[in-house]
Amino acid sequence: MRRAAARLVFFFCLPLFAQTPSTPLVADPPSRTTINLDGTWNSIVDPYESGLSSRYYENAKPKSKSDLVEYDFDRSPKLKVPGDWNTQRDSLLLYEGPMWYQHSFPYTKRANVRTFLYLGAANYFSRVWLNGTKLGEHVGGYTPFNFEVTDQLKDGDNSLVVEVDNTRRPDGVPSTHTDWWNYGGLTRSVKLIEVPETYIQNYFVQLAKGQPSEIAGWVQVEHALPGASVTVEIPELKIKETARLENSGRAEFHFAAHPQLWSPENPKLYQVTISSGGDRITDQIGFRTIETRGTQILLNGKPIFLRGISAHEEAPFRSGSAFSEEDERTLLTWAKELGANFVRLTHYPHNEQEIRLADQMGLMVWEEVPVYWEIQFQNPGVLENAKAQLRDAIMRDQNRASIIIWSLSNETPITTARTDFIHQLADYARSLDSTRLISSASDKWQAVDPQHMALNDPMGEYLDVLGLNEYIGWYGNRKPADADQIQWSFKYQKPVIITEFGGGAPYGLHGDSDTRFTEEYQADLYRHQLNMLSRISALAGMSPWVLMDFRSPRRALPGIQDYFNRKGLISDRGQRKEAFYVLQKYYQEKAGEKP
Ligand code: GCU
């Protein structure tokens, strides 16, 4: 009892922010020298977190027959990494709490090589030890983090221990309530990244804002020698530019360039090589401009309509947190099949691989940080947490042409603290990347009268694009057909994206279009929605809710939901519902139209 009480007190005073945060994110282009640590890891479920006081991180073995060691990773159950633990063992489906991972791996140290331990994502709070030495902690379930381990690594056998705790917290980002499953674990790849003594930590190479023939950016080099320089090469454009590093190791550059511009129709990527000191990285980068003009969104200077779909990072066919290239390619291929040129990846940064695939496949991307529903907007630590997740998403994906919008939040309440929070996040995002659009999804619209709905959410002031979530015909007392009479107005004359609308239907449930949860009801709702939305003059795009059914703890209707949100146009087994074809037809027509 006393230990449980201590744990509870300990829980509520758990650090909101990582006590020993990870080192600045090391860019991870495919050209890096890496050692993959994925595979089958040892695991210990630890609901009372006794592993901290029992020092599980030492991965100890009894030294004598009378020695007391009350854990043994090698004889403990296994978990696959990457992967959530919830879908790997029935007993863990609903488990929320601390989980210990241990993995042994051989390593050979080499002179003049620095090594980083890079974790693609760990939901939600994690502590990391190497060979018994604590490397640090991380808060946030959907962005990568890394620690330098050059000194902690040993020649020969090494033991890595990671405690991951997906306990939901009132001061979390997201907080305690979400409409998606709280998949816990090492949900994305774990690897070692090897770099030379002087290495390229990160870089930003994109067209200058609104300048289709000027590349601008920066490179950050760590441990550069004074007076050193960096070279940026784009062989296909016969570009080789050199810039001097400041003492901080940073170099900024601007130079003329006339690349083929990246677009969904022509997702052109260029090989870009950056070299400095002994380090050299190569990345595939597309160049495009994205701006707004009045209520239009301009891609490469031309108005564009975003034919989109929202999607969770739920694995098709097997459910669980998606992580493989196959998972991601399946989801994006379905979006393309729908006729989409845009995907709203919700409500958290998805896997880097998915964004790189969107670059290659020609899909524009809305990337969002999990400021979702109610969080502690007045809590400065929560703002720092949200800023850190936003920073890491931008630092990871800033060179991806596909990403056109950074989204700061979804369906948050209209309070002064919230609006101020969003204002600060918007300023921070623009300070890190001034070339992309900033948005957020709001569901705080009002009925001015039965046929006139208005979105006047004050956070619109700080956004480039307004996102609107409306569920006319599903939530509330309006029928799908009521949408035919409805007009929308917006306080801010900015481009509008209908970021969510939709209705639920398990694949194969049929009936008349008035019967809830039938495919006919869902399809009918789509027809009326598309009719209503096409009458919005500021409409620049849409991303209906949702591409594929996904697991949610809030959806308990037996035989219909069974803990899945069934608003997908495709079932979690890949079956297309009637509404899929309604939207596909609309997008085919839209694609033929001049925006
Ligand atoms: C909300 C929310 C989604 C949720 C959806 C739904 O708008 O943004 O996360 O899943 O509605 O109710 O299905």
Side-chain angles (χ1 to χ4, degrees), residues 179-180 264 267 297 299 304-316 322 327-351 354-355 357-359 361-368 402-405 407 410-411 439 441 443 465 467-471 474 495-505 507 519 522-523 525-527 529-530 532-534 539-550 552 564-591 595:
D179 190 25
W180 71 85
I297 295 178
L299 175 69
I304 189 156
F305 185 84
L306 304 178
R307 305 188 308 271
I309 189 74
S310 293
H312 265 292
E313 195 166 40
E314 181 87 42
D327 291 337
E328 320 282 6
R329 190 176 289 283
T330 300
L331 294 171
L332 296 185
T333 303
W334 287 347
K336 292 281 278 188
E337 187 197 330
L338 195 56
N341 61 7
F342 173 65
V343 281
R344 175 179 176 229
L345 301 182
T346 55
H347 293 287
Y348 38 80
H350 288 204
N351 202 317
E354 186 174 1
I355 316 295
L357 273 175
D359 263 16
M361 295 168 75
L363 282 165
M364 293 174 282
V365 170
W366 162 300
E367 181 156 292
E368 186 162 291
S402 55
I403 298 206
I404 58 169
I405 297 174
S407 169
N410 180 74
E411 297 195 349
S439 189
D443 64 339
V465 171
L468 168 65
N469 294 358
E470 52 81 15
Y471 281 88
W474 187 258
V496 172
I497 299 177
I498 306 301
T499 34
E500 291 183 35
F501 71 82
Y507 173 77
E519 287 194 39
Q522 187 189 42
L525 180 147
Y526 266 72
R527 290 188 195 93
Q529 277 282 339
L530 296 172
M532 172 182 74
L533 300 181
S534 40
L539 188 68
M542 58 177 71
S543 54
W545 193 259
V546 65
L547 178 66
M548 183 188 85
D549 295 353
F550 60 93
S552 165
F564 275 77
N565 182 312
R566 298 289 181 196
K567 294 191 179 74
L569 294 177
I570 300 179
S571 76
D572 53 301
R573 306 267 161 235
Q575 303 139 316
R576 286 114 181 97
K577 305 174 191 177
E578 198 180 319
F580 175 95
Y581 301 105
V582 173
L583 187 62
Q584 186 188 52
K585 181 166 171 293
Y586 178 81
Y587 280 169
Q588 274 155 3
E589 287 153 11
K590 204 78 194 160

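Using a cutoff of 4.0 Å between basic side-chain nitrogens and carboxylate oxygens, R527 and E578 are scored as salt-bridged.
Atom CG of N469 is separated from atom CG of N410 by 5.0 Å, given to the nearest 0.5 angstrom.
Side-chain contact annotation: D549 with N565, donor-acceptor N/O pair under 3.5 Å absent.
Taking the six-membered ring where tryptophan is involved, the planes of W366 and F342 are perpendicular, since the angle between them exceeds 60° and thus also 30°.
Among R344, E368, E367, the single residue meeting the side chain to side chain donor-acceptor pair (under 3.5 Å) criterion with S407 is E368.
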- [ ] Show your working on side-chain contact (heavy atoms from CB on, under 4.5 Å) between H347 and W180 and close with a plain yes or no.
- [x] CA-CA 9 Å; H347 293 287; W180 71 85; 3.5 Å; yes
Open item on the list: The test is side-chain contact (heavy atoms from CB on, under 4.5 Å); show your working for F501 and M542 and say whether it passes.
Closed with: CA-CA 9 Å; F501 71 82; M542 58 177 71; 4.1 Å; yes
Task: Derivation and outcome, side-chain contact (heavy atoms from CB on, under 4.5 Å), residues L345 and E313 - done: CA-CA 8 Å; L345 301 182; E313 195 166 40; over 6 Å; no
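When all heavy atoms are compared, the tightest approach of I309 to A335 is CG2-CB, 4.0 Å. The two residues P316 and W334 make their nearest non-hydrogen contact at CB-CH2, 3.6 Å.
The environment of NZ in K585 is sparse: at most 12 heavy-atom neighbours from other residues, nucleotides or ligands sit within 6.0 Å.
For the pair K577 and Y507, the NZ or CZ position fails the cation-pi test of under 6.0 Å to the six-membered ring centre and within 45 degrees of the ring normal.
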